[in-house]
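Both backbone and side-chain heavy atoms feed into the values below; hydrogens, waters and symmetry mates do not. Keep in mind that what you see is a predicted model, and the values were worked out from it rather than measured. Both counts, for ligands and for their atoms, begin at 1 and track the order of listing.
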Amino acid sequence: MFPTEVKVVLRRLEAAGYEAYAVGGCVRDLLLGKTPEDYDITTAARPEQVAALFDGFCTPTGLRHGTVTVRQDGKSFEVTTFRTEGRYEDGRHPSVVCFAQQLKEDLKRRDFTVNAMAMNVEGQLTDLFGGQADLRQGIIRCVGEPKQRFEEDALRILRALRFAATLGFSIEKATGHALQESREGLKRIAAERIRVEMTKLLCGQNAGDILLTWPEVFGIFMPEILPCVGFDQCSRYHCYDVWEHTARAVDAVSCDPILRWTMLLHDIAKPAVFTKDAQGNGHFYGHPQRSAAAARDILHRLRFDRRSAERIEQLVLWHDRQIQPTDKSVARALRVMGEERLRQLLAVKRADNLAQHMKFRQRQQEITELEEIMGSLLAKEQCFQLRQLAVNGRDLMQLGLQGTAVGKMLQDLLSAVVDGTLDNDRTALLLWAKEHIRRREEESG
Ligand code: ATP
Ligand code: MG
């Protein structure tokens, strides 16, 4: 059941007289028939005893919390001493960590029944809270009294929704009730931790359902979504309100964090720009710009890295831009965006359309056409980017251009090449540039 390296670590601890188990997410995943990404180990041995046993092959990662990282055959494992958690005074961090004598204590502090099982090296399962039954029935249920568990650590609120989204599980009634009641606690949680859980949630197979069911929880750290809930679009293109459209658009795009966050945020400012014409049709002029601005705020607040934030913001800004299914139009889009971003944009457009009224799904065909044109343009190895241009800035400086005029001329050359009015040929480009410089001098002189 376990990979050899895990067995080696467990056996070594056992041979030294310490109980040792694989625990948490890896046991859950094994029972679900999935390959765990990593294995966490829990043991009766104290951190210094673990360190002594794996002398030279470990790092004291979080000694205060009883965690030692052990290396075995090129893999790393977190080995953590059985512990109970002391009182939480701030709803974030336990004020003291106490080591425990028994596995039972360690399992009791874990968040959900499906995450609170342990397995020894023989494959024997310890399941004290009905984790197996909940796994079989697809239920996320707190270990212990839900309200108290969410008050101890409010991140568990989001974790419950995250596991429901990724495993496709439902939330047990009392757990659901308590998480809704305790949701304000999320205000005390560090933005980074919210971002990590929210990203995993969004990438889950059931993200859309969870978004639809629990908007008030997400509204604690993204109040911008709340006006979207139930907002009637008054539009023949849309059979869903803004929030349901959003949730369905999230499900319709592949499980990539950038794309999933883009779909979550793409229409977020729609309620803010809504207008109705004389015929009663709803319009959302300028919603991509306003949504991109709101996205920027949210991503900044959640401490996204700059690169990801810029990407998401740009995709939100462009999600509604028209690209004609012609060589020229697609070539221009390639020039402005580059291949990877254009591919992402087309994926966003596809998902956006899939979450609209059935009657307008013919757009799917148009997007396929755009992808085909892009493929054939790329296959021809045409030039779309500055670095592919047959001249560079230095060449232009030799013609006497300076400063920003260099960049501007390069862009003009690239536009002409992409539009097909000029060949990407060094001599031709230099001639064209010289001609333009001469004309400009005449005009100004
Ligand atoms: P993943 O597959 O995403 O890693 P996981 O279950 O391993 O899922 P982790 O965040 O790695 O999740 O946590 C490992 C284990 O530690 C959990 O399975 C759970 O038993 C316990 N745990 C983690 N966070 C908490 C928490 N906030 N409160 C209580 N127990 C927690
Ligand atoms: Mg894990």
Side-chain angles (χ1 to χ4, degrees), residues 2 6 21-43 61-62 65-67 69 75-88 90-95 97-98 100 103-119 125-132 134-135 139-169 175 178-179 182 185-186 188-190 192-207 210 255 257:
F2 295 127
V6 179
Y21 306 85
V23 70
C26 62
V27 176
R28 177 197 69 220
D29 289 347
L30 281 173
L31 293 175
L32 286 172
K34 296 190 206 167
T35 309
E37 276 186 26
D38 46 31
Y39 287 82
D40 293 328
I41 290 167
T42 187
T43 179
T61 339
H65 295 104
T67 303
T69 302
K75 303 252 168 61
S76 290
F77 305 95
E78 299 218 319
V79 179
T80 306
T81 305
F82 294 158
R83 56 178 214 211
T84 60
E85 275 171 350
R87 287 192 25 204
Y88 285 80
D90 57 358
R92 266 190 310 194
H93 306 292
S95 37
V97 173
C98 303
L103 174 66
K104 187 174 83 186
E105 295 299 316
D106 188 86
L107 295 179
K108 228 167 87 179
R109 73 171 172 90
R110 294 179 180 269
D111 46 9
F112 308 111
T113 58
V114 295
N115 284 348
M117 291 180 277
M119 197 179 267
L125 190 71
T126 307
D127 173 16
L128 306 174
F129 309 104
Q132 271 187 110
D134 285 345
L135 263 191
I139 292 174
I140 299 298
R141 180 198 313 265
C142 281
V143 172
E145 211 280 301
K147 191 102 204 308
Q148 184 194 337
R149 302 310 310 280
F150 291 135
E151 270 162 23
E152 282 170 2
D153 177 2
L155 187 67
R156 289 173 189 152
I157 295 167
L158 200 51
R159 284 174 61 84
L161 302 186
R162 185 260 275 199
F163 287 113
T166 54
L167 301 170
F169 282 17
T175 299
L179 77 82
S182 313
L186 280 170
R188 297 192 300 264
I189 300 296
E192 290 81 356
R193 302 178 72 203
I194 298 235
R195 184 195 65 229
V196 169
E197 289 297 335
M198 192 63 201
T199 300
K200 288 186 180 174
L201 187 159
L202 284 174
C203 291
Q205 56 180 27
N206 245 21
I210 296 297
C255 294

Report the relative orientation of the aromatic rings in Y39 and F2; use parallel for angles under 30°, tilted for 30 to 60°, perpendicular for over 60°. perpendicular
Are any of the heavy atoms in [X] under 4.0 Å away from ligand 1?
X    : value
D153 : yes
F112 : no
R28  : yes

Give yes if a backbone or side-chain nitrogen or oxygen of E197 is under 3.5 Å from a nitrogen or oxygen of ligand 1, and no if not. no
Backbone or side-chain N or O of F163 under 3.5 Å from ligand 1 N or O: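 Such a contact does not occur with ligand 1.
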Does K147 NZ have over 12 foreign heavy atoms under 6.0 Å away? yes
Please check if the number of heavy atoms outside K34 that lie under 6.0 Å from its NZ is greater than 12.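 Correct, the count exceeds 12.
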Can you name the side chain to side chain donor-acceptor pair (under 3.5 Å) partners of T61, sequence neighbours left out? T69
Taking atom types as modelled and ignoring hydrogens, do the side chains of T42 and T80 form a donor-acceptor contact shorter than 3.5 angstrom? no
Counting heavy atoms only, name the option from R156, E37, R162 that's nearest to atom 1 (P) of ligand 1.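 Closest candidate by heavy-atom distance is R162.
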Between the candidates R159, R109, R193, which shows the shortest non-hydrogen contact distance to atom 24 (N) of ligand 1? R159
Contacting atoms of ligand 1, where contact means under 4.0 angstrom from a heavy atom of K200: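 In order of numbering, the contacting atoms are 3 (O).
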Identify, by atom number and element, the atoms of ligand 1 in contact range of G24, meaning under 4.0 Å from any of its heavy atoms. 18 (O)
Counting heavy atoms under 4.0 Å, the part of F150 that contacts ligand 1 is neither
OG1 on T166 to CD on Q205, rounded to 0.5 Å: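 OG1 of T166 is found 7.5 Å from CD of Q205.
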Do L158 and L186 touch side chain to side chain, with heavy atoms closer than 4.5 Å?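 Yes; the side chains approach each other to less than 4.5 Å.
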